[in-house]
Amino acid sequence: TQSTRPQRLLGAVQKNATRGDPRSVVQAIDQFCRQKEWAMNVGDEKGCILDSVVSEVNPATVLELGTYCGYSTVRIASLLPPHAKLITLEFNPDFAAIARQVIAWAGLEDKVHLVEGASGDWIPKMTEQFGVKTFDLVFLDHWKDRYLPDTMLMEECGLLRKGSILLADNVICPGTPDYLEYVRSSPRYESQYFKSHLEYTKVEDGLEKSVFLG
Ligand SMILES: Cc1ccc(Cc2cc(O)c(O)c(C(=O)NC/C=C/[C@H]3O[C@@H](n4cnc5c(N)ncnc54)[C@H](O)[C@@H]3O)c2)cc1
Ligand SMILES: [Mg+2]
């Protein structure tokens with residue numbers, strides 16, 4: 001039977017990356033996506049912006065919405081301080097299975113909790129299930145029409161505190177117009193746009209960093 005693109009991406013990691021070396025896992029995926037098959041990872045260019053925000057925030061608790069194959073999960077987890085926790089939500093079981101193996105190849109299982117399920121169901125359960133009071137950093141990279149409802153849900157559930165950072169991928173391409181309008185016009189957020197390109201292409205895209213003001 002035919003393999004899937006995520007399965008071929010995992011194969012490239014297992015073939016070209018060194019076990020326990022997150023940077024080599026990231027490099028293997030970027031090489032696969034540039035030379036073999038495009039895939040919707042945040043990529044190397046926007047990935048550098050993601051890295052700089054993670055390093056600046058130095059978060060103890062991170063939520064990622066939309067794991068896909070675990071590329072950004074590995075980038076983020078590799079920069080976390082000891083005892084920090086990254087919870088990543090993925091509702092497609094096939095993608096979740098691939099991501100678990102990519103995260104394991106990088107040797108980051110202890111820092112990552114991959115939850116198989118939908119953000120709308122799991123955001124309200126974060127505190128009771130994982131003992132998380134608030135998130136220091138949230139990386140949004142799931143279906144683009146879920147960014148706004150999930151942000152409002154996180155506010156309602158008290159998961160954001162004064163200074164929590166939301167970092168959103170693809171605010172230009174594919175685009176998240178309702179989310180962008182909300183975080184840029186709401187007095188409860190201070191937003192900043194980081195211009196970049198759609199992963200592995202010359203098409204404009206960017207990340208929006210929004211600080212929750214409480
Ligand atoms: C027109 C066009 C098409 C594609 C592109 C290129 C392009 C570039 C990009 O960086 C992109 O992130 C995307 C994109 O569509 N990303 C959607 C990513 C979803 C992943 O998250 C999972 N998921 C989706 N909703 C949920 C949810 N509620 N709870 C839990 N997991 C969820 C899915 O199971 C997938 O694992 C597309 C650009 C332009
Ligand atoms: Mg994306």
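Every number for a ligand or one of its atoms is a count from 1 in the order of the listing.
- A distance limit of 4.0 angstrom between heavy atoms and ligand 1 selects the residues W38, M40, G66, Y68, L89, E90, F91, N92, F95, G117, A118, S119, D141, H142, W143, K144, D169, N170, C173, P174, L198, E199.
- Using a cutoff of 4.0 Å between basic side-chain nitrogens and carboxylate oxygens, E208 and K195 are not scored as salt-bridged.
- Ion pairing between D141 and K144 holds under the 4.0 Å rule for side-chain N and carboxylate O.
- Take the Mg ion (ligand 2) and draw a sphere of radius 2.8 Å; the protein N/O/S atoms inside it number 3.
- One finds a salt bridge joining R188 and E155 here, because a Lys/Arg side-chain nitrogen approaches an Asp/Glu carboxylate oxygen to under 4.0 Å.
- The closest side-chain donor-acceptor pair between Y71 and D30 falls under 3.5 angstrom.
- Around CD of E37, the count of heavy atoms belonging to other residues, nucleotides or ligands within 6.0 Å exceeds 12.
- Relative ring orientation between Y147 and H142 is described as parallel, the plane-to-plane angle staying below 30° on a 0-90° scale split at 30° and 60°.
- Linking Ile, Leu, Val, Met, Phe, Trp and Tyr residues whenever their side-chain heavy atoms come within less than 4.5 Å leaves V183 and L137 in two separate clusters.
- Residues R34 and D44 are paired through a salt bridge, judged by an N-O separation under 4.0 Å between the basic side chain and the carboxylate.
- Considering every non-hydrogen atom in both L160 and T134, the closest pair reads C-CG2, 4.2 Å.
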